[in-house]
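Order of appearance sets the numbers: ligands from 1, and atoms from 1 within every ligand. Not measured: the values here are computed from a predicted model.
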Amino acid sequence: MNLSHIEHIGIAVKSLDEAIPFWENMLGLKCYNIEEVKEQKVKTAFFQIGQSKIELLESTDPEGPIGKFIEKKGEGIHHLAIAVKDIQQNLTELETKGVQLIDKTPRKGAEGLDIAFLHPKATHGVLLELCENNNL
Ligand SMILES: C[C@@H](C(=O)O)C(=O)SCCNC(=O)CCNC(=O)[C@H](O)C(C)(C)COP(=O)(O)OP(=O)(O)OC[C@H]1O[C@@H](n2cnc3c(N)ncnc32)[C@H](O)[C@@H]1OP(=O)(O)O
Ligand SMILES: [Co+2]
């Protein structure tokens, strides 16, 4: 395994338009990218803090993962994403160790990154996302 740093924290929100002004006007951060990720049924907004980012997630479909999360739990922290080198190698190693994966092979996430999720049952309650960054 070669985990590097917290890539981002994913926060489920009902509306990007309503949530972004808090991060910009109250906290003084700049939203530098808004992007739809159709495969995940979300629209994302990103803010940089040091080496890490905040990813706000608005659902585009009530049956998608963020739609279901908001319905059950309301707005709040949804996942923690960690940057890794060679995501496939890390996933293969985790699978060998018997860790329950949601994605055995990477999918395309926001900002063109390859991503994969570990099941919260396997992580003591945190939905973990690995994000590939080979320049680490
Ligand atoms: C754009 C991209 C990027 O960064 O580039 C993204 O982040 S996309 C971010 C959105 N995409 C994803 O989250 C994709 C991966 N997520 C998934 O496949 C799903 O959401 C699951 C995590 C498997 C949950 O599925 P589903 O809602 O159908 O199941 P469920 O509600 O029955 O939940 C099963 C158990 O997991 C728990 N659970 C569900 N969501 C959780 C979360 N976010 N954090 C911690 N625990 C969570 C539930 O409480 C439940 O526990 P109990 O059984 O104890 O009640
Ligand atoms: Co994410």
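A 6.0 Å sphere centred on CD of Glu18 holds no more than 12 heavy atoms belonging to other residues, nucleotides or ligands.
Using cut-offs of 30° and 60° on the angle between ring planes, the pair Phe46 and Tyr32 is tilted.
Legend: protein N/O/S atoms lying under 2.8 Å from the Co ion (ligand 2), waters omitted, number 4.
Between Lys85 and Glu132, none of the side-chain N atoms (NZ, or NE/NH1/NH2) sits under 4.0 Å from a carboxylate O, so this pair counts as no salt bridge. A salt bridge is absent between Asp114 and Arg107; no separation between the charged side-chain nitrogens and carboxylate oxygens falls under 4.0 Å. In summary, Lys41 and Glu63 do not engage in a salt bridge, as defined by a charged side-chain N under 4.0 Å from a carboxylate O. A salt bridge does not link Lys14 with Glu58: every distance from a Lys NZ or Arg NE/NH1/NH2 to an Asp or Glu carboxylate oxygen is 4.0 Å or more.
For the pair His5 (side chain) and Glu7 (backbone), a donor-acceptor distance under 3.5 Å is absent.
Put simply, the side chain of Asn2 reaches to within 4.5 Å of the side chain of Asn90, judged on heavy atoms.
Leu3 and Ile115 are members of different hydrophobic clusters when ILVMFWY side chains are connected at heavy-atom separations under 4.5 Å.
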Could you pull out every N or O of ligand 1 that sits under 3.5 Å from a protein N or O, with the distance for each pair?
| residue | atom | partner | partner atom | Å |
| --- | --- | --- | --- | --- |
| ligand 1 | 4 (O) | His8 | NE2 | 3.1 |
| ligand 1 | 4 (O) | Glu55 | OE1 | 3.2 |
| ligand 1 | 4 (O) | Glu55 | OE2 | 2.7 |
| ligand 1 | 4 (O) | Glu129 | OE1 | 3.2 |
| ligand 1 | 4 (O) | Glu129 | OE2 | 2.9 |
| ligand 1 | 5 (O) | Ala110 | N | 2.8 |
| ligand 1 | 7 (O) | Glu55 | OE1 | 3.1 |
| ligand 1 | 7 (O) | His79 | NE2 | 3.0 |
| ligand 1 | 7 (O) | Glu129 | OE1 | 3.1 |
| ligand 1 | 11 (N) | Gln40 | OE1 | 2.8 |
| ligand 1 | 28 (O) | Lys68 | NZ | 3.0 |
| ligand 1 | 31 (O) | Lys72 | NZ | 2.4 |
| ligand 1 | 43 (N) | His78 | O | 2.9 |
| ligand 1 | 49 (O) | Lys73 | NZ | 3.1 |
| ligand 1 | 51 (O) | Lys121 | NZ | 3.4 |
| ligand 1 | 53 (O) | Lys121 | NZ | 3.0 |
| ligand 1 | 54 (O) | Lys121 | NZ | 2.7 |

